[in-house]
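Report on the following structure.
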Amino acid sequence: MSGSPSPSRLALAADLIRDAEHVCVFSGAGMSAESGIPTFRDALTGLWENYRPEDLATPEGWHRDPDLVWGWYRDRAANLRKVEPNAGHRALAELGRTKRRTGGRVSIVTQNVDDLHERAGSTVDAHLHGRILGPRCEFCTYRGDPELSLATTRPRCPDCTGSLRPDVVWFGEMLPEREWAAATATIESCSALLIVGTSGVVHPAAGLPLLAAERGIPIIEVNPEPSALTPLAALHLEAAAAEVLPAIS
Ligand code: APR
C-alpha cells in the first residue's frame, strides 16, 4: 500500500465517473470488507476451523453431508443479517440515483454472495456467484423465501423429492447462465468500468473486465493492493472502498 490517493487522482476518477453515461461496477469481497463480512477463508474459524473448502463448498461435499453444508451456509446467512452496507455501497447507490436523474445509469456486477448492494439501495444486474439468502431446490426450479436460509434444519423442497440448497456457485459448478449473459452485456456496453475490491484471480468472473479493456472502455480500480486486474486499469486508487467511493461518486 502506498498511502491515500492524491487529490488530483481522486479528481480524475470523479471526472471519468461523472462524464460516463453508464458506469458499470464490478465488485468483489473487498467491497464488503468494511461491513465486516469475512472472506471465504476467514469464515473457516470457530466451529468450522477443521473443515476444508471442499467439504463445505463443492457438489461432492453436499452429496457427502448436506446437513453440514447447510449449517455452514446458515451460519453465514445469520452473520449477514448482523452487518450493514458500508459507505462504499451507499455511495454507489447514491451515484445510481444521480445518474438516473440525468438519463444515465449505474449497473452492478458482483462476485459477492451478500445482499449489501441491494440493502444500500442499488439494483444488482448480475450476482455471478449466487446469493447466500434465498435457497433453491437441488433438483427442480423451486426457489425458497430468503428467510428459509436461516432455518436450522435443512428444508425439503415442497414441489419434488429434493432438498433446498444454498443458491451459491460452488467450486466446480458452472456460473448461472442468466447472470453471465447479463454481466457480459453490461460490461461490454458501459462507458466506464469501476472495479472494486477483487483480486481478479477467480475465473471465469475475473475475465470479464478484459471485455471492457478490449473495447477501450476506461477502467478505474479501487483496491488497497495491486490485483491481477491492475494492468487493465487507467487509474488505480490504492484505498479502501468505503473511504474512496464516497469521494469519487
Ligand atoms: N476495499 C477495497 N478492496 C479491498 C478492501 C477494501 N476495504 N479490503 C481488501 N480488498 C481487496 C484485497 O486487496 C483483494 O484484492 O479485495 C480483494 C479481495 O480478494 P478475494 O478475497 O480474492 O475476493 P474476490 O476477488 O471477490 O474473490 C472472488 O473467490 O472466494 C471466491 O467465490 C468467492 O466470489 C469470490 C471469488
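Order of listing sets the numbers, starting from 1, for every ligand and every atom in it. Position 1 is the first residue of the sequence; numbering continues from there.
- Looking only at protein heavy atoms, the nearest one to atom 10 (N) of ligand 1 is G30 CA, 3.6 Å.
- Follow the hydrophobic side-chain contacts under 4.5 Å out from L16 and you reach V244 in the same cluster.
- Nearest non-hydrogen protein atom to atom 7 (N) of ligand 1 is E34 OE1, 3.0 Å.
- Across the listed options N112, L245, T198, N86, T198 owns the non-hydrogen atom lying nearest to atom 25 (O) of ligand 1.
- Not a single heavy atom of S227 sits closer than 4.0 Å to an atom of ligand 1.
- In the hydrophobic clustering, where aliphatic and aromatic side chains (Ile, Leu, Val, Met, Phe, Trp, Tyr) are joined below 4.5 Å either directly or transitively, L229 groups with F26, V109, L128, V169, L175, W180, I187, L193, I195, L208, L210, L211, I219, L232.
- Interface atoms of ligand 1 facing Q111, defined by a heavy-atom separation under 4.0 Å, are 28 (C), 34 (O).
- Ligand-side atoms of ligand 1 in range of G28: 26 (O), range being under 4.0 angstrom from any heavy atom.
- Counting protein heavy atoms only, atom 1 (N) of ligand 1 is closest to A241 N, 2.9 Å.
- For atom 35 (C) of ligand 1, the closest non-hydrogen atom of the protein is H129 ND1, 3.8 Å.
- The closest protein non-hydrogen atom to atom 31 (C) of ligand 1 is V202 CG2, 4.4 Å.
- Exactly one of F139, W170, Y73 qualifies for a side chain to side chain contact (heavy atoms under 4.5 Å, CB included) with R165. That residue is W170.
- Checked against a 3.5 angstrom limit, the closest N/O atoms of G197 and ligand 1 fall inside it.
- No donor-acceptor pair under 3.5 Å is formed between the side chain of S32 and the backbone N or O of A29.
- Within ligand 1, counting atoms from 1 as listed, the ones closer than 4.0 Å to a heavy atom of E225 are 13 (O).
- No salt bridge links D114 with R81; every basic N to acidic carboxylate O contact stays at or beyond 4.0 Å.
- Of all atoms in ligand 1, numbered sequentially from 1 with element shown, those under 4.0 Å from a heavy atom of P224 are 1 (N), 2 (C), 3 (N), 4 (C), 5 (C), 10 (N).
- When atom types are taken as modelled, the side chain of H127 and the backbone of E179 share no donor-acceptor pair closer than 3.5 angstrom.
- Here D115 does not pair with R131 in a salt bridge; the nearest charged N to carboxylate O distance is not below 4.0 Å.
- Using a distance-only test at 3.5 Å, with no hydrogens or angles considered, a donor-acceptor pair links the side chain of S189 to the main chain of A185.
- One option in V201, V196, N223 has a heavy atom closer to atom 11 (C) of ligand 1 than any other, and that option is N223.
- Looking at ligand 1, you won't find any N or O of M31 less than 3.5 Å from one of its N or O atoms.
- Atom 8 (N) of ligand 1 has its closest protein heavy atom at A33 CB, 3.8 Å.
- The salt bridge (Lys or Arg N to Asp or Glu O under 4.0 Å) pairs that include a residue from residues 202-224 are E188-R215, where partners are two or more places apart or lie in different chains.
- Using a 4.0 Å cut-off to heavy atoms of A240, the atoms of ligand 1 that qualify are 1 (N), 6 (C), 7 (N).
- Side chain of S249 to main chain of L92: no donor-acceptor pair is present (N/O by atom type, distance under 3.5 Å, no hydrogens or angles).
- Of the protein's heavy atoms, A29 CB, 3.4 Å lies nearest to atom 23 (O) of ligand 1.
- Side-chain N or O atoms of D67 include none that pairs as donor or acceptor with a backbone N or O of W70 at under 3.5 Å.
- Protein heavy atom nearest atom 20 (P) of ligand 1, with residue, atom name and distance: S199 OG, 3.6 Å.
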